[in-house]
Amino acid sequence: MKKLLVLDKKTMNVNADYDDFFSSSLDLLKEFDNEVYKYTCQEYERQKYTLSMVASSSIVPPSVLACEASTLSSLTTEGYPGKRYHAGCLVADKVEELAIDRAKSLFKASYANVQPHSGSSANQIILFNLLSPGDTVLSLDINSGGHLSHGAKASITSNFFSFVHYGLDSHGYIDYDHAEYMAKKHKPKLIICGASSYPRRIDFKRFREIADSIGSFLLADISHISGLVATGLHESPIDYAHFTTTSTYKQLCGPRGGLILMGKDYSIDSTNNFKTLVNKATFPGFQGTPNLNSILAKANAFYYVQTEEFAEIASNILGNSKKLADLFLSNGYKVLTEGTDNHMVILDVTSIGLNGLLAQKVLEDCGIIVNKNLIPNDYNNPFITSGIRIGTNSLAQRGLKQEDMKDCFELIDKILRSTRKINDKEYFVESSLVNNVREQVGGLVNNAPIPYY
Ligand code: DSN
């Protein structure tokens, strides 16, 4: 077997194989570990020939992939730039400073911490360090579209804090009056706004007013909409929330990771300095060594999101979802809130005799990837669900525009309308129809290749 990395101890030169590793890393991987190599190819093929409409994902550009595969992976670098617990951080410090500067510039923030390993970690860093066990937190219930880390029963957050929830009104919009009522009644120390499955704009200003009225802190989790926020297509919470969190892979086309931002309240006074609190809360409070390769990739994603190319993609993300929502509505589907203000369209598929699981499965058989989703007051459990959530991030990245949404709609419609539920987990559909739709999906993706291959 060929060695990948050999150091000549006399000259301290790295064997030429190291260069080979970069120039033909996949060939070397193939030779060194064919089993792993095989999966990289299979997943590439899967993505290339399917249409991903998963609202919580995007397509990672090649430059971000290159950063993720860089030698910064080999670093142990506890601490922050200029204050590390290990030597060898000359480049790492520059990388982290660059990522911080770019994050601040992108979101017009006064403070950024680029170390959180995920959006959930970013939320937990704030929760576990700002609050004491037993403190009350007000958030959107997961059954109404909130996120697991916002106090769902299955999340560790609910074991430590006392969560109370605001809900949705009869049209499926956040009920701000109810949020205010719950805030006044329970006096939470923290209010969380932001959602995983909510198609409408979020009124961050109103949430801050509610928080101020009872002297509580406000955390805005913009994981799903951070690309729209960065491009001005959704109002920014930066100066309304005390803390803003986001994952970096959903709509920022970045690596798996998280980000904590603060705006005008980042340093409220000399004794209550949020910057110090969040820095300490992240490291050493919650995490150890940051992923420097991922921080490099975040820096690159923040750069990409500032380009005109991404601004056009963001505009198509929004235009496409509005168009899809219109098409579903005008063709008799039950669309939650009867439309969308962001990248997602949520359908109640029980109105066409299916459930979320069956709809997700039959669409996947045809090469269309969506995810089953709870809808408000869902009588189905989270594994079955009554809805599906359709997202347009990846469609826009593949170059699909509003005029292409009719084709996407017709493919989904054709297969869903022809599927018959046998029981909660089984369905019947003519295999010839599945083949036919799969072929049409193939035609569509051939005309809309993944941008970088
Ligand atoms: N919350 C999950 C989603 O929205 O799909 C992923 O973090």
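All ligand and atom numbering here is 1-based and tracks the order in the structure. Note that the structure is a prediction, hence the values are computed from the model and not measured.
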For the pair Asp348 and Lys334, find out whether any cationic side-chain nitrogen is under 4.0 Å from an anionic carboxylate oxygen.
-> yes

Please produce the table of protein N or O atoms sitting under 3.5 Å from N or O atoms belonging to ligand 1, one pair a line, distance to 0.1 Å.
from: ligand 1; atom 1: 1 (N); to: His147; atom 2: NE2; distance (Å): 3.2
from: ligand 1; atom 1: 1 (N); to: Ser196; atom 2: OG; distance (Å): 2.9
from: ligand 1; atom 1: 4 (O); to: Ser196; atom 2: OG; distance (Å): 3.1
from: ligand 1; atom 1: 4 (O); to: His224; atom 2: NE2; distance (Å): 2.7
from: ligand 1; atom 1: 4 (O); to: Arg389; atom 2: NH1; distance (Å): 2.9
from: ligand 1; atom 1: 4 (O); to: Arg389; atom 2: NH2; distance (Å): 3.4
from: ligand 1; atom 1: 5 (O); to: Ser56; atom 2: OG; distance (Å): 2.7
from: ligand 1; atom 1: 5 (O); to: Arg389; atom 2: NH2; distance (Å): 2.7
from: ligand 1; atom 1: 7 (O); to: Lys250; atom 2: NZ; distance (Å): 3.0

So with a 6.0 Å cut-off around CD of Glu338, is the heavy-atom count from everything else above 12?
-> no

Per the side chain to side chain contact (heavy atoms under 4.5 Å, CB included) rule, which among Thr157, Leu130, Ile192 passes with Val137?
-> Ile192

Above 12 or not: heavy atoms from other molecules or residues under 6.0 Å from CZ of Phe128?
-> yes

Not counting sequence neighbours, list each pair that qualifies as a side chain to side chain donor-acceptor pair (under 3.5 Å) and has a residue in residues 132-143.
-> Ser139-His165

Does the distance from a Lys or Arg side-chain N to an Asp or Glu carboxylate O, for Arg206 and Asp177, drop under 4.0 Å?
-> yes

